[in-house]
There are 2 protein chains.
Amino acid sequence: MGSNTVVNRHKERGRYDTGTIYGILDGSLICHVAFSIDGLPYNMPMIPVRIDNTLYLHTSARSRFYETLSKGTDVCIAATLLDGLVLAKSAYNSSMNYRSTMVFGKLAPVTDPEEKLKAAHQLTEKIAGGRWADCRQPSESELRATGFLKIPIATFSSKVREGPPTDNPEDLSLGYWSGVIPLCISRGEPVTSPNDEGRTTLPEYLQD
Amino acid sequence: MGSNTVVNRHKERGRYDTGTIYGILDGSLICHVAFSIDGLPYNMPMIPVRIDNTLYLHTSARSRFYETLSKGTDVCIAATLLDGLVLAKSAYNSSMNYRSTMVFGKLAPVTDPEEKLKAAHQLTEKIAGGRWADCRQPSESELRATGFLKIPIATFSSKVREGPPTDNPEDLSLGYWSGVIPLCISRGEPVTSPNDEGRTTLPEYLQD
């Protein structure tokens, strides 16, 4: 892996299986796409959508970003899920529980309208399972206006930290609490659009 | 801003004030640092720590990453906070409420031990307010082993989307629910380290 020339810390945290990376990509509502233009780095937030072994991203088909990335620019797509704050007895040994991944390669534009529709379907269902059948699906011109990009999940590297803090043996007798504070993303009470109040009711698939 | 050559969509979402970027960096437990080595992009997750107008990051002082970035490599540091899922009546107009930022420039190593200690203090307090006074603070050798890097918050660009969906007027009569599902990061019930059970009690500042 090219990444290993840089990502050489905590080798025991490395994961190279598809199960781990699929879990990270499927669980992430955002990823960051690193690439260079004229030697200067950029880092765009995008929504990662996975179908089988392909990662899809989307933006406006008219954006400069889409134009640049469609040409086969090298990218490094990073996604990180935070699972917990790890408070060791020392500040130094404190850490975070996380699952992170980087996908390396080149994005390619999705040109087949059916493949675009499949990616739009997967994206919509990722945001809220059940939504695709309960919204107006994209028109042909909306699909044309959406620039989907794809990359095979082939060259990648994941890292996972889990479990309790690793305290120095000589720190164990210190009176400071040591442990993990779990983190997760919570969905709050849905807020109906002002334009929609009284017109519709909250669908069942959004009621949890 | 150099970024505007690429980030040219949704100009109305652009924010260039320090209040917005400070809020994003302070609210983010993770950021992603994009840079290139031999023309190939990398994208490392790091914890952003802000003091006044300076952004601090840290890693092992012995890592290849620290070595590379200490040399003044160009970086683009991205942080994104997700505030809500925006479900429009159409899949196409659906979106996310977010606050995202990119900081451009070159990182410099922090060599002054007092400045390192200040950054470690701020980092620890960011993770849990009250923790610095209630943990073993870094020794001299631990500070030496920690590679802090810093960058002025000078060249940056933020984007914010907030509020309800923007539905097409002709979609408003459709029977699909339209609105926002708020998102936030929740902290769960603290889990005491197995090595620490029965030895200490959960401090008050972690009890919310």
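Quick note on labels: first sequence line is chain A, next is B, and so on, each numbered from 1. Quick caveat: nothing in here was measured; it's all calculated off a predicted structure.
Only the side chain of B:Asn168 comes within less than 4.5 Å of a heavy atom of chain A; its backbone N, CA, C and O stay farther away. Of the atoms belonging to B:Ser178, heavy atoms from both backbone and side chain fall under 4.5 Å from chain A. The contact between A:Asn43 and chain B is made by backbone and side chain atoms together, counting heavy-atom distances below 4.5 Å. For chain B, the nearby parts of A:Leu174 are the backbone and the side chain; heavy atoms of each come within less than 4.5 Å. Contact annotation for A:Ser36: only side-chain heavy atoms (C-beta onward) come within less than 4.5 Å of a heavy atom of chain B. Interface residue A:Thr201: only backbone heavy atoms are found under 4.5 Å from chain B. Only the side chain of A:Arg199 comes within contact range of chain B, with heavy atoms under 4.5 Å apart. Within the 4.5 angstrom heavy-atom criterion, only backbone atoms of A:Ala88 (N, CA, C, O) approach chain B. Only the side chain of A:Leu206 comes within less than 4.5 Å of a heavy atom in chain B; its backbone stays farther off. In this structure, the portion of B:Ile47 lying under 4.5 Å from any heavy atom of chain A is its side chain and not its backbone. In this structure, the portion of A:Thr124 lying under 4.5 Å from any heavy atom of chain B is its side chain and not its backbone. Neither the backbone nor the side chain of B:Glu67 comes within less than 4.5 Å of any heavy atom in chain A. Both the backbone and the side chain of A:Asp74 come within less than 4.5 Å of a heavy atom of chain B. The contact between B:Pro182 and chain A is made by backbone and side chain atoms together, counting heavy-atom distances below 4.5 Å. Using a 4.5 Å cut-off between heavy atoms, A:Val33 contacts chain B through its backbone alone, with no side-chain atom that close. Using a 4.5 Å cut-off between heavy atoms, A:Leu82 contacts chain B through its side chain alone, with no backbone atom that close.
Within 6.0 Å of CD in B:Glu114 there are 12 or fewer heavy atoms belonging to other residues, nucleotides or ligands. The number of heavy atoms from other shown groups lying within 6.0 Å of NZ (B:Lys126) is above 12. The environment of B:Gln207 atom CD is dense: over 12 non-hydrogen atoms of other residues, nucleotides or ligands sit within 6.0 angstrom.
In this structure, CG on B:Leu29 lies 5.0 Å from CE on A:Met96, to the nearest 0.5 angstrom. In this structure, CG on A:Asp196 lies 11.0 Å from CG on B:Leu87, to the nearest 0.5 angstrom. Distance check, rounded to the nearest 0.5 Å: CE of A:Met44 to OG of B:Ser100 gives 8.0 Å. Between the OG1 atom in B:Thr80 and the CE atom in A:Met46 there is a gap of 11.5 Å [rounded to 0.5 Å]. Between atom SG of residue B:Cys135 and atom CG of residue A:Asn93 there is a gap of 10.5 Å, rounded to the nearest 0.5 Å.
Counting heavy-atom pairs closer than 4.5 Å to chain A, the top-ranked of the candidates B:Gly188, B:Ser139, B:Pro138, B:Pro45 is B:Gly188. Comparing B:Arg131, B:Arg187, B:Glu197 by heavy-atom pairs within less than 4.5 Å of chain A, the highest count is held by B:Arg131. Heavy-atom pairs under 4.5 Å with chain A peak, among B:Ile185, B:Asp167, B:Val180, at B:Val180. Interface remark: of the candidates A:Glu189, A:Arg136, A:Lys89, A:His121, A:Arg136 forms the most heavy-atom pairs closer than 4.5 Å to chain B. Contact tally against chain B (heavy-atom pairs below 4.5 Å) for A:Ala78, A:Gly39, A:Ser94, A:Gly84: the top residue is A:Ala78. Contact count against chain A (heavy-atom pairs under 4.5 Å) is highest for B:Thr192 among B:Ile77, B:Thr192, B:Leu123. When each of B:Pro190, B:Gly179, B:Cys184 is checked for heavy-atom pairs under 4.5 Å with chain A, B:Cys184 comes out on top. Between chain A and the options B:Gly163, B:Ser186, B:Pro203, heavy-atom pairs under 4.5 Å are most frequent for B:Ser186. Counting heavy-atom pairs closer than 4.5 Å to chain B, the top-ranked of the candidates A:Leu40, A:Leu202, A:Val75 is A:Leu202.
In this structure, A:Thr200 and B:Tyr176 have side chains that are not in contact, with every pair of non-hydrogen atoms separated by 4.5 Å or more.
B:Phe104 and A:Tyr42 have perpendicular rings, their planes meeting at more than 60° on a 0 to 90° scale where under 30° would count as parallel.
In plain terms, the two heavy atoms of B:Pro194 and A:Pro164 that are nearest each other are CD-CB, 3.7 Å.
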